[in-house]
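Everything on this sheet refers to the single structure shown next.
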Amino acid sequence: MYRLSIVAEKTENAILLFDKRGNLMWVNKAFERIYGCTYKEFTKKRGRNLIDSSQNPDIKLIIEKCYKEKIAVKYSVENTVKSGKKIWIQTTLSPIFDADNEIEMVVAIESDITRLKFAESQIAEQLEQIKHQHELLRKQNSELLLYRNRLEDIVKERTKELEIAKNKAEESDRLKSAFLANMSHEIRTPLNAIIGFSDLLSNLKDKQRIDEYVHIIQQSGFRLLDLINDIIDISKIEAGQLKYHEDIVDIKKLLGELYDFYKQRAKAKGINLVVEKTSGSTSVTILSDKLKLYQVLSNLISNAIKFTDFGSVRVYYQITGAFIEFHVQDTGIGIPKDKHKLIFDRFRQIEHLNRVNQGGTGLGLALSKSFVEFLGGEISVKSVSGKGADFFFTIPYIPADKIPVAQNMSFENIADLSSKTVLIAEDDESNYILLEVLLSETKIKTLRAKDGAEAIKLYEKYRPDIILMDVRMDGMDGYTAAKRIKMINSNVPIIAQTAFAMEQDREEALKNACDDYIAKPITRDKLIGLIIKYIAG
Ligand code: ADP
């Protein structure tokens with residue numbers, strides 16, 4: 001017993017003894033240290049009874065359990081001690097029994113677990129933080145995963161694009177080589193004919209032979225001209241310099257010209273060329289760019305004849321609402337379905353079974369597509385391999401019937417210009433003769449200068465009414481001369497003669513003191529039209 005009382009005295013824990021009803025009977029020293037008050041002060045404040053003084057209903061139940069069920073119980077509760085400080089107390093209540101096994105006393109052993117609780121709450125807080133960080137990391141991780149997946153997708157996409165670009169570059173390289181090979185063939189063939197046959201001509205006397213050879217030379221010349229025109233057109237398209245020239249287009253006349261041009265070629269191959277010059281019973285006149293329309297139809301008819309060995313080529317058109325639709329149908333070798341789109345690419349030629357390459361540059365359809373789209377329409381083909389092809393395209397249908405025809409100037413009753421004088425600055429003899437012949441029916445007087453300096457001199461001396469100025473001449477060029485003449489008389493009309501019908505030529509001419517321009521080859525109608533425009537009346 002003595003030992004027990006020493007333990008009770010020395011222990012850090014508070015020991016409290018309650019009687020069988022829960023009344024506090026005794027406390028040890030440690031109790032005073034923990035609670036900061038004496039037994040008396042404690043009971044005065046809280047009352048003596050353990051059960052009654054308990055304020056927390058859950059704890060009260062636990063305490064009652066100890067008394068009712070006669071078992072030891074344990075609980076923790078926060079207490080405010082005398083100093084006002086809050087402490088956490090963990091209590092173990094153990095019943096002590098009498099000889100009849102009834103509760104005689106209850107011993108409470110209490111320990112101050114405030115630090116433990118504090119540590120616990122800190123751990124909980126840190127756990128919470130860790131959880132939070134974990135959650136953040138999880139989120140970042142899933143974002144990273146997302147980025148990684150996106151990056152992988154982008155890399156895949158880019159790789160695919162690069163692959164396509166690489167294939168395209170290789171393909172375009174291959175096409176360009178094929179184009180160059182073809183081009184050199186296309187240039188050499190007519191050139192060989194021109195050189196070869198003109199050589200033969202010099203020793204020939206037989207008129208029929210001469211005519212035959214001249215015809216071949218002319219055809220070869222035209223073939224070369226077509227090629228050069230195609231290349232110029234492609235470069236114009238490439239440079240974005242395609243310009244729209246509005247004309248009044250008489251479809252019947254246009255198709256008639258095409259028929260006249262191709263009938264021989266079709267006949268030579270034994271093909272029937274059928275050109276329907278009217279839609280139903282009427283011919284139509286529309287507003288469009290005549291040259292481009294002609295070129296598209298010409299390309300399609302030329303291809304149709306080229307790729308048809310038997311049967312016919314039929315050209316017709318119909319008006320479909322706001323559009324006019326042209327068809328060039330043939331009974332030739334046809335085009336496999338998978339090539340229908342490809343053939344409209346530049347330099348693209350397809351290999352036809354059992355057929356040698358028939359020349360060409362692979363530019364015709366690409367040009368036609370660009371022109372049709374430029375005119376505001378679409379081009380397409382329907383074809384089955386071996387069963388002919390139907391190339392068709394649309395352009396806007398703008399009827400020109402009601403528009404006054406200012407362009408269709410007739411020179412039947414041509415103005416008499418015998419009272420006027422034209423100064424022609426032209427260094428090339430044959431070009432000068434051509435101009436003189438073309439102008440002769442107007443009876444206009446002509447003066448000739450062989451370079452710019454002479455043109456100025458002649459102008460000063462004779463004061464002609466109009467000047468046709470060749471732009472490129474040996475000695476002083478045409479533009480310099482034009483500027484000087486305009487300084488003498490700013491009212492004299494000067495028309496520049498340029499080599500090509502390039503758009504910038506017109507602008508260049510207007511910039512350089514000229515009033516207008518005319519492109520070579522110069523035709524009668526164009527030339528007389530311009531002269532009349534500036535000096536008649
Ligand atoms: P080119 O005629 O100079 O080869 P195109 O661009 O006009 O160039 O035509 C491209 C290719 O389309 C031709 O090489 C030919 O393979 C095919 N093609 C064009 N028109 C026809 C047609 N009427 N019938 C069959 N194939 C055609």
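All values below were derived from every heavy atom in this structure, side-chain atoms included, with hydrogens, water molecules and symmetry-related copies excluded. Being a predicted model, the structure only gives us computed values, none of them experimental.
From Asp247, atom CG reaches atom CG of Leu287 across 9.0 Å, with rounding to the nearest 0.5 Å. The structure places NZ of Lys387 at 15.0 Å from CD1 of Ile333, a figure rounded to the nearest 0.5 Å. Summarising the geometry, atom CG belonging to Leu417 is positioned 9.0 Å from atom CG belonging to Asp465; distances are rounded to the nearest 0.5 Å. Atom OH of residue Tyr259 and atom CD of residue Glu257 lie 14.5 Å apart, to the nearest 0.5 angstrom. Interatomic distance, Lys486 NZ to Ile467 CD1, rounded to the nearest 0.5 Å: 8.0 Å. Atoms NE2 and CZ, from His327 and Phe393 in turn, are 9.5 Å apart once rounded to the nearest 0.5 Å.
The two atoms that bring Ala482 and Cys514 nearest to each other are CB-SG, 4.0 Å, heavy atoms only. In this structure, Ser288 and Tyr244 approach most closely via the heavy-atom pair CA-OH, 3.2 Å. Scanning both residues, Thr308 and Ser312, for their nearest heavy atoms gives CG2-O, 4.3 Å. Scanning both residues, Asp516 and Lys533, for their nearest heavy atoms gives OD2-NZ, 3.5 Å. Here the shortest heavy-atom pairing between Val492 and Pro464 reads CG2-O, 3.9 Å. Between His340 and Lys382, the shortest heavy-atom contact is CE1-C, 4.3 Å.
Using a 4.5 Å cut-off on side-chain heavy atoms (C-beta onward), Ser383 and Asp390 make no contact. Within the 4.5 Å cutoff, side-chain heavy atoms of Phe261 are placed close to those of Tyr294. Contact check for Phe310 versus Ile271: no side-chain heavy atoms found under the 4.5 Å cut-off. Glu276 places none of its side-chain heavy atoms less than 4.5 Å from the side chain of Val315. Between Ile466 and Leu530, every side-chain heavy-atom pair lies at or beyond the 4.5 Å cut-off. Phe392 has its side chain within reach of Ser380: a pair of non-hydrogen atoms, C-beta onward, lies under 4.5 Å apart. Here the side chains of Lys290 and Ile248 are not in contact, with every heavy-atom distance at 4.5 Å or above. Residues Tyr262 and Ser298 meet the side-chain proximity criterion, which asks for heavy atoms closer than 4.5 Å.
For Arg148, the salt bridge (charged side-chain N to carboxylate O under 4.0 Å, His left out) partners at least two apart in sequence or on another chain are Glu152. Scored by the salt bridge (charged side-chain N to carboxylate O under 4.0 Å, His left out) test, Lys139 finds no partners at all (sequence neighbours excluded). Legend: residues meeting salt bridge (charged side-chain N to carboxylate O under 4.0 Å, His left out) with Arg188, ordered by chain and number and at least two apart, are absent.
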**Asked** What do the steps show when you test Ile495 against Met469 for side-chain contact (heavy atoms from CB on, under 4.5 Å), and what is the final call?
**Response** CA-CA 6 Å; Ile495 294 166; Met469 184 71 83; over 6 Å; no
**Item:** Step-by-step side-chain contact (heavy atoms from CB on, under 4.5 Å) determination, Gln497 to Leu435
**Value:** CA-CA 11 Å; Gln497 308 172 52; Leu435 288 171; 3.6 Å; yes
**Verdict with supporting geometry, Thr442 and Asp416, side-chain contact (heavy atoms from CB on, under 4.5 Å)** = CA-CA 5 Å; Thr442 66; Asp416 180 357; over 6 Å; no
**Request:** Determine, step by step, whether Ile379 and Thr394 satisfy the side-chain contact (heavy atoms from CB on, under 4.5 Å) criterion, reporting the C-alpha distance in whole Å, the side-chain angles of both residues, the deciding distance to 0.1 Å, and the verdict.
**Result:** CA-CA 7 Å; Ile379 188 166; Thr394 52; over 6 Å; no
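Residues Gln295 and Asn229 have side chains that never bring a donor and an acceptor to within less than 3.5 angstrom of each other. Defined by atom type and a distance below 3.5 Å, a donor-acceptor pair is present between the side-chain atoms of Tyr432 and Glu436. Neither side chain, Tyr534 nor Asp515, offers a donor N or O lying under 3.5 Å from an acceptor on the other. A donor and an acceptor atom, one from each side chain of Asn299 and Ser368, are located under 3.5 Å apart.
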Sequence neighbours left out, cut at 3.5 Å: what donor-acceptor pairs do the side chains of residues 205-220 make with other protein atoms?
unit_1	atom_1	unit_2	atom_2	d
Asp206	OD1	Gln208	N	3.0
Lys207	NZ	Asp211	OD1	2.9
Lys207	NZ	Asp211	OD2	2.9
Ser220	OG	Ile216	O	2.9

Under 3.5 Å, side-chain donor or acceptor atoms of residues 157-168 against the rest of the protein: list the pairs with distances, not counting sequence neighbours.
unit_1	atom_1	unit_2	atom_2	d
Thr159	OG1	Val155	O	2.3
Asn167	ND2	Glu163	O	3.4

List the atom pairs, donor and acceptor, that lie under 3.5 Å between side-chain atoms in residues 448-460 and the rest of the protein, sequence neighbours left out.
unit_1	atom_1	unit_2	atom_2	d
Arg448	NE	Glu426	O	3.2
Arg448	NH1	Glu429	OE1	2.8
Arg448	NH2	Glu426	O	3.0
Arg448	NH2	Asp427	O	3.4
Asp451	OD1	Ala453	N	3.1
Asp451	OD1	Glu454	N	2.9
Glu454	OE1	Lys450	N	2.9
Tyr459	OH	Asn489	ND2	2.8

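The closest donor-acceptor contact from the side chain of Asp330 to the backbone of Val313 lies at 3.5 Å or more, if one exists at all. Without hydrogens or angle criteria, Lys483 side chain to Asn512 main chain gives no donor-acceptor distance under 3.5 Å. Side-chain atoms of Lys269 come within 3.5 Å of backbone atoms of Ile305 as a donor-acceptor pair (strictly under, hydrogens ignored).
The residues Arg472 and Asp477 are annotated as not salt-bridged, no charged nitrogen and carboxylate oxygen being separated by less than 4.0 angstrom. Using a cut-off of 4.0 Å between Lys/Arg side-chain N and Asp/Glu carboxylate O, Asp289 and Lys243 are scored as not salt-bridged.
Within a 6.0 Å sphere centred on CD of Glu373, heavy atoms belonging to other residues, nucleotides or ligands number more than 12.
Phe326 and Tyr317 have their aromatic ring centers within a separation under 6.0 angstrom.
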